[in-house]
Amino acid sequence: MAKEKMLLIDGNSLAFRGFYALYRQLDKFISPDGLHTNAIYSFKNMLDAILKQVQPDYCLVAFDAGKTTFRTRMYQDYKGGRQKTPSELLEQIPVIQELLTDLGIKQYQLNDYEADDIVGTMSLMAEEAGMEVTIYTGDRDLTQLASDSTTVLITKNGVGETEAYTPEHMMEEYGVTPTQFIDVKALMGDNSDNYPGVTKVGPKTASRLIAKYGSLEGVYDHLDDMKASKLKENLQNDRDKAELGKKLATIERHSPVELAIPDLKLGTGDPVKLRRLYERLGMKSFLAGLATGGEDDQVKVNYGYIELTEKNLADFKPAGESDFYLEMLGENYHLADFVGFAIKTNGQIYVSKDVALLTEAPLVDFLTGDLVKNVFDIKRTYVGLHRLGVTPQNFAYDMLLASYLINNENNSDDLGEIAHLYDNYQVKTDLEVYGKGKKMAVPEDEVLFNHLAGKVSVIGELKQQLLAKLKEHEQDALFDEIEQPLAFVLAKMEIIGMKVVPGSLVQLQSEFSAKLTQLEDSIYQAAGERFNLNSPKQLGQILFEKLHLPVIKKTKTGYSTSVEVLDQLKNASPIVNMILEYRQISKIQSTYVKGLLDTIQTDGRIHSRYLQTQTATGRLSSVDPNLQNIPTRTDEGKQIRKAFVASEKDGYIFSCDYSQVELRVLAHVSGDENMQEAFKTGYDIHAHTAMRIFHLKSPEEVTPLQRRHAKAVNFGIVYGISDYGLSKNLGITRKQAKEFITSYFDQYPQIKTYMDKAVKVAREKGYAETIMHRRRYLPDINAKNFNVRSFAERTAINSPIQGSAADIIKIAMINLEKELEKRQLKSKLVLQVHDELILDVPKEELETIKKLVPEVMQNAVKLDVPLIADIGYGHTWYDAK
DNA sequence: CTCCTCACG
DNA sequence: ACGTACGTGAGGAGA
């Protein structure tokens, strides 16, 4: 029989974490009677996640009882100097306790003891009863309880993520056992608990001493053997402090709790009380969860829909602004099965499973006629209808695009999830209705029709609210003139797809196969054994344990074997180069040769999908397959491009890419005169930068190395540079990198000003913005954690640049599509790769396209510096350079 | 389902 | 003193 599971939760620590996780939204989380609820909300979400992960049989949430404990009697300043718990959090603790009781989860506190001691006592009890114990907390102190049967989960930045502390993990991380961790703390002290430890001893020294001598007592037993040093002196002088620290840090595992294990059995809770509590707190999302949870509790919304069939088609009477929703099961709408559709028009909802009806007169008229239709996901709907042979007209509002522009922190494309963000809980998520993976299926008619009816009505119900938000954000033009028109352009690109000749891929496949077999043999020979070359774990063992190559970098789970590492080991063993070559070819073989062959559809073409509401910056992404990362940097990789050919036998693949678009955007938004000057005069920008930062007189004096360095600095600037990052990229010292950067800002002073301002504005507003008012929210910009905050700061610098470049090419795409239509050209836009457009061009249109495309791209927007686009063309994508 | 690795701009 | 480049998607391994 499997071991029974006990889950122990440090309630105070979690409430505290939850409170600060949503601290920024403190004012948004207020119940109707004025109580703050942010910590309650987070707590419940973390609790749900952990219950789902652990699936315990028993559970206890422990809380601190009060300020005075046996530790404060031992040392009156224990936890002294701590800021008072804010009253906004304090008021939520009793409610959390009430919530737990209503959920059927035991909660407990004990006078004179901290939550830690309750957890320590119960975990020992559970271990002795032969249970598997999980402890959940935000506090590292509890790691001392880890053992073979007890895992300590520590919350990581954000909600939901945890790091698991087992004895092995602690040994790796700190080099000591869980119980030795107490002694380490005793030596180093604890700032937040306000006890000092030994002078000048920090985590490093403390762990080293304990690892060497086994325990605090061990350290002092061997004090005499130590060489005279400052450290020895400090250890001697602060012995009292260290011994006190040990007492304070030790969790009491025999506290007088009045609990027995059966008391902690997970209950079923009280749905009636829960409902009342959620209503009191105004927590709509939890109420909605309750409704879908309990059978009898089910709140049935009756939409009063009419099921459309062949027979009652004449009763379909559309009028006025209408809403339309087409359902397909699965993400890939080029292939997905049709499920049904729903229409709301003239105050009436119609639903049907019979999509063939959409090709009959009244519905075709509705879809292709003058009536304005609101939809969710124009592109998906357009492609779906196109498969049925219908080309819709007058789709005027896309709820998915609107929600993406308003706030793309949540990049969900589920209608239900998005509705929930706007406090509308009447419609469920697709996950709830259809399930996922193998279990995904269409439910019985009544459930399905209710879901479709709910979806179609939410589109219209939330429209004004979302439009108001767009207006408030000054995003009307971005929505009306860029994203919505672009959706149609992308739909057409996807429908056309790209012609691929399988023969050339098959040819490559056998060439690469032979090469891979050869390399495998040589590698196994050099290694002295066969192993799975594709397994980083096995490869690591061979390289670093068997062949004893120096370990350069470790990952969370073992040795790193990435290119970066292998490059440095090239001279250490001949096996390394063979592995690098194997890796490179194997990647091309699996992802591009085999992978692409699998995605060619029956028409001999590849129809990728562009995700328009995916990225944080406003770029597109491409999936199933990703055509935005087809190899180009190596000769072997490039061969893949030979398989992509023009539709017509003598036609061309035509490519046109922006030159340095991100740097030009930077020159524009920063207003830097020196950089603008360089672009206006048409210099090679990297050579120009080299000339300036290395103080040369003319671009002719720039050496290739200097140009390479300058280029890396230019890239670095766009990413929010650091001297470390630059030094690593160029393989130079940090000091040199720093000098480059200083010199750069010296030469381009307004770029420095721009970077500082970008961060400052993001801090004030909470988001960064592109030239077209596309937003990226940066909640971490004021984080206390240096790393988290620094990341947000670099993002604040990079997003407006990358995002504005995305805005620009999107405008170019829309304008180009318009021109192609206006001139009735047969050339088709088939791909977009961030700064590059690719067209499928009939032979006779080549000369027109050569002039038209760069012209449209260069004039997409007017910046303070010129935009330049370069062209290339050939009979295959490989030749379009 | 997560991690590592690597392809692109 | 902190430990770092920005944005993506896919395949294979191993739990």
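What's counted below: heavy atoms across the whole structure, side chains too, no hydrogens, waters or symmetry copies. In this text, all values refer to a predicted model and were calculated from it rather than measured experimentally. Just so we're on the same page: letters track the sequence lines, and every chain starts at 1.
No contact: Lys738(A) has no heavy atom under 4.0 Å from any strand. Looking at heavy-atom distances under 4.0 Å, Thr632(A) makes contact with sugar-phosphate atoms alone, never a base. Val718(A) comes within 4.0 angstrom of no nucleic acid atom, judged by non-hydrogen atoms across all strands. Residue Arg776(A) is classed as a sugar-phosphate contact, given heavy-atom separations below 4.0 Å to backbone atoms only. Nucleic acid contact class of Arg633(A) (heavy atoms, under 4.0 Å, all strands): base. Across all strands shown, Lys537(A) has heavy atoms under 4.0 Å from sugar-phosphate atoms exclusively, and none from any base. Nucleic acid contact for Glu836(A): none, since no nucleic acid atom lies under 4.0 Å from a heavy atom of the residue. Backbone-only contact: Asp624(A) has heavy atoms under 4.0 Å from sugar-phosphate atoms and none from a base. Heavy atoms of Asn629(A) sit under 4.0 angstrom from at least one base atom. Among the protein residues, Leu611(A) comes within range of the sugar-phosphate backbone only, with heavy atoms under 4.0 Å from sugar or phosphate atoms but none that close to a base. Contacts of Ala805(A) with the nucleic acid, taken as non-hydrogen atoms under 4.0 Å apart, are absent. Across all strands, Asn729(A) comes closer than 4.0 Å to base atoms (heavy-atom distances). Residue-level contact check: Ala737(A) touches neither bases nor backbone, having no heavy atom under 4.0 Å from any strand.
Side-chain N/O atoms of Arg794(A) and base N/O atoms of dG7(C) include no donor-acceptor pair closer than 3.5 Å. Side chain Ser722(A) to base dT4(C): a donor-acceptor pair is found below 3.5 Å. Within 3.5 Å, no donor on the side chain of Gln628(A) pairs with an acceptor on the base of dC8(B), nor the reverse.
In this structure, CG of Leu837(A) is placed 13 Å from C1' of dG9(B), rounded to the nearest angstrom. In this structure, the CD1 atom of Ile588(A) is 17 Å from the C1' atom of dG9(C), given to the nearest Å. Between Phe531(A) atom CZ and dG14(C) atom C1' there is a gap of 17 Å when expressed in whole angstrom units. Here the C1' atom of nucleotide dC6(C) and the CD atom of Glu662(A) are 8 Å apart, to the nearest Å. Rounded to a whole Å, the CG atom of Leu566(A) is 7 Å from the P atom of dC6(B).
Remark: aromatic rings of Tyr744(A) and Phe740(A) are distant, center separation not under 6.0 Å.
A cation-pi arrangement is present between Lys881(A) and Tyr878(A), with the terminal nitrogen or guanidinium carbon under 6.0 Å from the aromatic centre and inside a 45° cone about the axis. No cation-pi contact links Arg380(A) to Tyr333(A), judged by a cut-off of 6.0 Å to the six-membered ring centre and 45° from its axis.
Across the P atoms, dC2(C) and dC6(B) are found 29 Å apart, a figure rounded to whole Å. When the P atom is used for both dT5(B) and dA5(C), the distance is 14 Å, rounded to whole Å.
By the 30° and 60° cut-offs, the orientation of the rings of His686(A) relative to Phe715(A) is parallel.
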